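Encoded as structure tokens, the structure appears first; notes follow it.
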2 protein chains.
Amino acid sequence: MIKNKDLEKELVQKGYKITRQRKIILDTFARLKKRWITAQELYEIVIEKNPKINFSTVYRNLDILTRISILCKIDKGQGVYYYSLNNKDHHHHLICKLCGKTKSIHFCPLEYIDTENFQDFTIVEHKLEIYGYCKECMKDRLVSSGK
Amino acid sequence: MIKNKDLEKELVQKGYKITRQRKIILDTFARLKKRWITAQELYEIVIEKNPKINFSTVYRNLDILTRISILCKIDKGQGVYYYSLNNKDHHHHLICKLCGKTKSIHFCPLEYIDTENFQDFTIVEHKLEIYGYCKECMKDRLVSSGK
DNA sequence: TGCCTAAATGCAAGTATTTGCATTTAATTA
DNA sequence: TAATTAAATGCAAATACTTGCATTTAGGCA
């Protein structure tokens, strides 16, 4: 189970300050566990505890927390980003194009290439997102198309 | 060499109409060859030829052309999307985090998994972007950090 | 050629996210 | 504990992109 105190410790270690706003944000993600939420949803939750927190503060913190890998940010293809606590093992995502459900996958393409000096690039980051239809949505598609 | 007439033919085949606006957009990409541009840059070029073309038309066409794989859309991590003509062979990109230079790579992670029914998902799309430093930028980084 | 209709466009307003700058505050040090 | 200061926040405006709806138009057909 992920504790917000541990997340705070990690922030401090990396030289960030623990503000009231940050505490609330971290606490929210700790409660949500692995559920994905948008910046808007986070803002609505957070504002209950501190009505004067600003939207730009939410965005700025999402950005920082994503950069230092406390959060994971994905594009489900709906024009909005989704965020959730990052399980620390390196992974990528399968994303259902219909219901938005995601599944972590532990397959990583970089295991298949030499990252040190690949095509004259020194690789430091990468992003693999695989889109498709989950079992349930696939079933619905087959039914509705009469197959 | 890519001809705008060929691109128009492809659009017609797929059931899209050839409008004045679309002609200008396709023509622009054909001229630019493989150069990456943003929606804003495209708009500025396009408006020279038809001053009353609308921004939403530009965005809508970029979207359609990307969907049908005439264009390729990438996130260079600068908060803006870049578009260019898609070379038809399936590929992904290496992107320099400093100068934004890109390089097509012909390595594809899906060659390593069974896409038909991977973890109960039926895969239909995917996106792999690899970020790093190109040779030149890496050299500059080493110099500036005194190594 | 003129008529017809679905597709495309223009416009204006909306949403999602970012940024610059003045103010506040966490956390270090005296 | 008070002073200090760099980091974080709030606010307002900017940017990037999307959408709904009324109008226009490409392209098929009489």
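Since the structure is predicted, the reported quantities are computational estimates derived from the model, not experimental observations. Protein chains get the first letters and strands the later ones, always in sequence-line order, with residue 1 at the start of each.
Distances were taken from every side-chain heavy atom of B:Gln40 (C-beta onward) to each of C:dA8, D:dA16, C:dG10; the shortest belongs to D:dA16. Here the nucleotide nearest the side chain of B:Lys17, chosen from C:dT9, C:dT17, C:dA7, is C:dA7.
If you check every strand for non-hydrogen atoms under 4.0 Å, B:Tyr16 touches sugar and phosphate atoms only.
Both cation-pi conditions hold for A:Lys76 and A:Tyr82: the charged atom is under 6.0 angstrom from the six-membered ring centre and inside a 45 degree cone around its axis.
Distances shown here put every side-chain N or O of A:Arg60 at or beyond 4.0 Å from the OP1 or OP2 atom of D:dA8. Residue A:Arg20 places no side-chain N or O under 4.0 Å from the OP1 or OP2 atom of C:dT24. Side-chain N/O atoms of A:Thr19 include none lying less than 4.0 angstrom from OP1 or OP2 on C:dA26. Phosphate contact (OP1/OP2 of D:dC11, side-chain N/O of A:Asn54, threshold under 4.0 Å): present. At least one side-chain nitrogen or oxygen of A:Asn61 sits closer than 4.0 Å to the OP1 or OP2 atom of D:dT9. Residue B:Tyr59 places no side-chain N or O under 4.0 Å from the OP1 or OP2 atom of D:dT18. Contact check, B:Gln21 against C:dG10: a side-chain N or O comes under 4.0 Å of OP1 or OP2.
For B:Ser56 against D:dC17, a side-chain-to-base donor-acceptor contact under 3.5 Å is absent.
As a whole-Å value, the separation of A:Ile53 CD1 from D:dC11 P is 11 Å. B:Lys14 has its NZ atom 14 Å from the P atom of C:dA8, to the nearest Å. Atom CG of A:Asp63 is separated from atom P of D:dA7 by 16 Å (rounded to the nearest Å). Computed from coordinates, the A:Lys23 NZ to C:dT25 C1' distance equals 14 Å when rounded to whole Å. Atoms OH (A:Tyr82) and C1' (C:dA16) sit 13 Å apart, rounded to a whole Å. Spacing between atom CG of A:Asn50 and atom P of C:dT25 amounts to 11 Å, rounded to whole angstrom units. Rounded to whole angstrom, the span from the CD atom of A:Glu44 across to the C1' atom of C:dT15 amounts to 13 Å. Rounded to an integer number of Å, the gap from CD1 of A:Ile24 to P of D:dA8 is 16 Å.
In terms of modelled atom types and a separation under 3.5 Å, the side chain of B:Asn86 and the main chain of B:Ser69 share a donor-acceptor contact.
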Full working for side chain to side chain contact (heavy atoms under 4.5 Å, CB included) between A:Leu65 and A:Ile25
CA-CA 10 Å; A:Leu65 295 171; A:Ile25 291 171; 4.0 Å; yes

After noting the C-alpha distance and the side-chain angles of B:Ile18 and B:Leu11, does the key distance pass the side chain to side chain contact (heavy atoms under 4.5 Å, CB included) rule?
CA-CA 8 Å; B:Ile18 304 305; B:Leu11 269 186; 3.9 Å; yes

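Annotation: of the two residues near DNA chain D, B:Val12 and B:Tyr81, the 5′-most nearest-nucleotide partner is B:Tyr81. Along DNA chain C, the nucleotide nearest to B:Phe55 and the one nearest to A:Tyr83 differ in position, and the one closer to the 5' end is contacted by B:Phe55.
Inspection of the B:Glu41 and B:Tyr43 side chains reveals no N or O donor paired with an N or O acceptor under 3.5 Å.
In the displayed structure, A:Lys103 atom NZ is contacted under 6.0 Å by more than 12 heavy atoms of other residues, nucleotides or ligands.
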